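Just so it is clear, the model here is predicted, and its values are computed rather than measured. Residue numbers begin at 1 in each chain, while the letters A, B, ... track the order of the sequences.
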Amino acid sequence: MSIVTEIASAATSTIKELYQAEFISSDIIVNLTKPEFEGDYTIVLFNLTKQLKKSSEVAGNEIGNHLLQKHPGLFTSFNVIKGFLNVIISDSYWIDFLQKNYNSSLYGISEKKGKKIVVEYSSPNSNKPLHLGHLRNNFLGWSAAEILKAKGNEIIKTCIVNDRGVHICKSMLAWKLFANSATPESTGIKGDHFVGDYYVKFNDEYKKQVNELSENGMAKEEAEKEAPVMKAAQQMLLDWEAGKPDTVELWQMMNNWVYKGFEETYKRIGSDFDKIYYESETYLLGKNFVEEGLRKGVFYKKEDGGIWIDLRAEGLDEKIVQRKDGTGLYITQDIGLAVNKYEEYKFNQSIYVVGDEQNYHFKVLKLICQKLAIPAAQNMYHLNYGMVELPGGKMKSREGTVVDADDLIDEMLVIAQQKTEALGKVKDFTEEELHHLYQVIALGALKFFLLRVHPKKRMIFNPEESIDFHGFTAPFVQYTYARIKSIFRKQSAVSSEQSAVSSRQSAVGSQSPVDSQQQSELLPLEKELIIHLEQFSAVINEAAIELDPSKIAIYVFNLAKTFNSFYTEHSISNAESEEKKALRLQIAQLTAHVIKTAMKLLGIDVPERM
RNA sequence: GGUCCGGUAGCUCAGUUGGAUAGAGCAUCAGCCUUCUAAGCUGAGGGUCAUUGGUUCGAAUCCAAUCCGGAUCACCA
């Protein structure tokens, strides 16, 4: 039980005993006391006093006294200011908490509960490389999965690759027209970039043709339809759907180039999937449900043969689910995929990590699934996030104005190397260790940068301003971790020399009243750190409920910040007494553990030295 | 036009189940390396919480209206 719930429930029973008034713990608001007042936690009385028919001054004192009497181990004193009851938690409570947890490798992690959750994320197109927007998606999806795992859920990570459609045919066509049989191997270009280049080439050619046609007097709209490359791409899609061998072969070859490139990038950024779905295999799945929907009267057929659903009662529009030519649409295949996934995994919840431009789509999808009474409709959740934009506006892969994922990571690596070298602290590192360190710092900085803001906020990324390594960043937190590890390295070097008194053993073993007496005078920064550490589970909980990794990022940053103040203010190795030293080593150990665990929830590694 | 999301310091963002004098980072300025790693620490300046009205002991937070920015409302995915 967290300290906050403990206080709330103590207050609840106190109020019941004193006034026979029935409140539940959640009625009692318990906050951290503001620094300018004396106290650790504050119980807000305003909302209670009306019902108690007492002034908050009187009630606060009565409640405070009663709490002290009933829970002498928990509270040591209190004060009442206006409607606020500030309580001070006893040092022994905090020391007890620290003793119990400082050496627990699972601190903060919940036991398995067996709830099964499918997280679908990444979802790339196979006609272009991953860009900054995908990175936000990947980091968010990965982190959300880790956070849910930490709450004891079983997670299945899935990905749907959009590997078919006219946009795929566009790069195929451009390759046929312009490549002269060049391949990633022959050019030395990474496969996904190679194919992406042809996608851009297609659009260049298309624009050119539209312009030519317009200049010859054709209306722009018509020119866009009549441009030969566009018509050829559409023909290619028909060929593909008809299974024309050379088209399918070309499609497979080019997709494989892309997948090889993706694999490399995913490995770099640490994304993985338990199951990859390909749209080419799922795009026909939803059609069965069109039939069913018609039978159930959920859908209806219009005169031209198109099949629709009317969602106007739900405040939406009419939506087509099957074209008049009998083919399905995006929404149709998503219904099919949802059912497919459910049959495969029988999940309790299904999370889709997809940009907020598709909010409408997922609203409709859920509604349709509900109306069709598909079990997969239960607990379908769209984890949406804001687009990443450039100062000049949206990124457009057609126009080549994207921040490429691979390029960005390379750039971050260079910066990590430069900054590290400038500090000159890694002279004894091997090549391999350096390489690993740069990787940890560069990717950490990037992930933290994209995860530290609330998912819903759209963000503007300015490539001119490189990502900072100071302040609210991963390197800051990583540095704090490395500092702590450094202390322990030196400590174990010392303690192996003087084997008589191992400070850690003396800490755990010391049960004598003298020791606890001395230990129980926590300095403000010591207490502040322990209070921070105690909040970890509550923060994970909040992050899991809201599916919001930024909560973790903010928390771990504040923890590191508090530790750094503590570190500057008080010596650990040369503490005033052996008891203090033992206590501080425990605090440091738990801090390191929480930093490492929290960062892992963000998909970020921490270095032992930096 | 309908629906949804956002607007908090120069910039990037916390804070929104209503609680005390609205907080961080960056940037700016002033200090701190003879002591466990200065990618650090300490301090200063910087605010009409978009606007107006309402609800109440109390509003950045809830309600209404307005303004600004974005997304979406495709027989594209």
On a whole-Å scale, what distance lies between the [atom1] atoms belonging to [N] and [M]?
N: U35(B); M: C29(B); atom1: P; value: 28 Å
N: G31(B); M: C36(B); atom1: P; value: 24 Å
N: A14(B); M: U56(B); atom1: P; value: 32 Å
N: U42(B); M: G47(B); atom1: C1'; value: 24 Å
N: A22(B); M: G69(B); atom1: C1'; value: 24 Å
N: G1(B); M: G19(B); atom1: C1'; value: 41 Å

For Ala560(A) and Ile572(A), find the nucleotide of RNA chain B closest to each by heavy atoms; which residue's nucleotide sits nearer the 5' end?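 Closer to the 5' end of RNA chain B: Ile572(A).
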
Tell me which of Leu437(A) and Asn31(A) sits closer to the 5' end of RNA chain B, going by the nucleotide each one is nearest to.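 Nearest-nucleotide comparison on RNA chain B picks Asn31(A).
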
Mind checking if [X] touches a base, just sugar-phosphate, or nothing, with heavy atoms under 4.0 Å?
X: His382(A); answer: nothing
X: Asp334(A); answer: nothing
X: Asn47(A); answer: base
X: Ser571(A); answer: base
X: Ile441(A); answer: base
X: Val44(A); answer: base
X: Thr49(A); answer: nothing

Backbone N/O of [Y] and side chain of [X]: donor-acceptor pair under 3.5 Å:
X: Thr332(A); Y: Val321(A); value: yes
X: Asp27(A); Y: Ile24(A); value: yes
X: Asp304(A); Y: Gly306(A); value: yes

Quiz question: by atom type and distance under 3.5 Å, do the side chains of [X] and [Y] form a donor-acceptor pair?
X: Asp40(A); Y: Thr33(A); result: no
X: Tyr300(A); Y: Glu318(A); result: yes
X: Thr480(A); Y: Asn564(A); result: yes
X: Asp334(A); Y: His361(A); result: yes

Rounded to whole angstrom units, what separation is found between the [atom1] atom of [X] and the [atom2] atom of [N]?
X: Tyr41(A); N: A20(B); atom1: OH; atom2: C1'; answer: 18 Å
X: Met459(A); N: G6(B); atom1: CE; atom2: P; answer: 16 Å
X: Phe449(A); N: U12(B); atom1: CZ; atom2: C1'; answer: 8 Å
X: Leu45(A); N: G19(B); atom1: CG; atom2: C1'; answer: 11 Å
X: His454(A); N: G7(B); atom1: NE2; atom2: C1'; answer: 15 Å
X: Ile545(A); N: U17(B); atom1: CD1; atom2: C1'; answer: 12 Å
X: Phe566(A); N: U42(B); atom1: CZ; atom2: C1'; answer: 17 Å
X: Arg609(A); N: A39(B); atom1: CZ; atom2: P; answer: 15 Å

Tell me whether Tyr479(A) is stacked on the nucleobase of G40(B), counting only the six-membered base ring and applying the 5.5 Å and 30° thresholds.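 No; by the centre-distance and plane-angle rule, Tyr479(A) does not count as stacking on G40(B).
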
Tell me whether the ring of Phe476(A) lies stacked over the A39(B) base, given a 5.5 Å limit on centroids and a 30° limit on the plane angle. no

So, does [X] get its side chain near the phosphate of [N], meaning an N or O under 4.0 Å from OP1 or OP2?
X: Arg483(A); N: A38(B); answer: yes
X: Lys490(A); N: C36(B); answer: no
X: Ser565(A); N: U42(B); answer: yes
X: Ser486(A); N: U37(B); answer: yes

RNA chain B in dot-bracket form (Watson-Crick or G-U pairs under 3.5 Å, [ ] crossing, | inter-strand) is ((((((((.[[[[.)...(...]]]].(((((.......))))).....[[[[[..)....]]]]])))))))....

Suppose we call a contact any N or O donor and acceptor under 3.5 Å apart; does that hold for the side chain of Thr568(A) and the base of C41(B)? no

Assess whether one donor atom and one acceptor atom, taken from the side chain of Thr480(A) and the base of A39(B), lie less than 3.5 Å apart. no

Cation-pi check, Lys419(A) to Tyr479(A): give yes when NZ or CZ is under 6.0 Å from the six-membered ring centre and within 45° of the ring axis, no otherwise. no

May I have the step-by-step check of side chain to side chain donor-acceptor pair (under 3.5 Å) for Glu542(A) and Tyr555(A), ending in yes or no? CA-CA 11 Å; Glu542(A) 218 178 309; Tyr555(A) 167 77; over 6 Å; no

Any idea how Phe472(A) and Phe557(A) line up, ring-wise: parallel (<30°), tilted (30 to 60°), or perpendicular (>60°)?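 Phe472(A) and Phe557(A): tilted rings.
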
Over 60° means perpendicular and under 30° means parallel, so classify the ring planes of His570(A) and Phe566(A), tilted if in between. tilted

Counting side-chain heavy atoms from C-beta on, which of [options] comes nearest to [X]?
X: Ile554(A); options: C36(B), C4(B), A14(B); result: A14(B)
X: Thr420(A); options: A39(B), A20(B), A14(B); result: A39(B)
X: Phe469(A); options: U3(B), A39(B), U21(B); result: A39(B)
X: Lys551(A); options: U37(B), G15(B), C36(B); result: G15(B)
X: Val453(A); options: C13(B), G19(B), C36(B); result: C13(B)

Does the pair Glu576(A)/Arg584(A) count as a salt bridge with the N-to-O cut at 4.0 Å?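 Yes, Glu576(A) and Arg584(A) are salt-bridged.
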
Given Glu314(A) and Lys363(A), is the salt bridge (charged side-chain N to carboxylate O under 4.0 Å, His left out) satisfied, shown in steps? CA-CA 10 Å; Glu314(A) 282 79 13; Lys363(A) 220 171 175 178; over 6 Å; no

To the nearest 0.5 Å, tell me how far Leu547(A) CG sits from Tyr385(A) OH. 14.5 Å

Are Phe362(A) and Tyr381(A) close enough that their ring centers fall under 6.0 Å?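 Between Tyr381(A) and Phe362(A), which both carry aromatic rings, the centre distance is not below 6.0 Å.
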
Sugar-phosphate means primed atoms, P, OP1 and OP2; the rest is base. With that split, encode nucleotides 67-77 of chain B 5' to 3' as B, S or - using protein heavy atoms under 4.0 Å. --SSSSS-BSB

When every nucleotide of nucleotides 24-34 of chain B is labelled 5' to 3' by its protein contacts under 4.0 Å (heavy atoms), B for base, S for sugar-phosphate only, - for none, what sequence of letters results? SSS--------

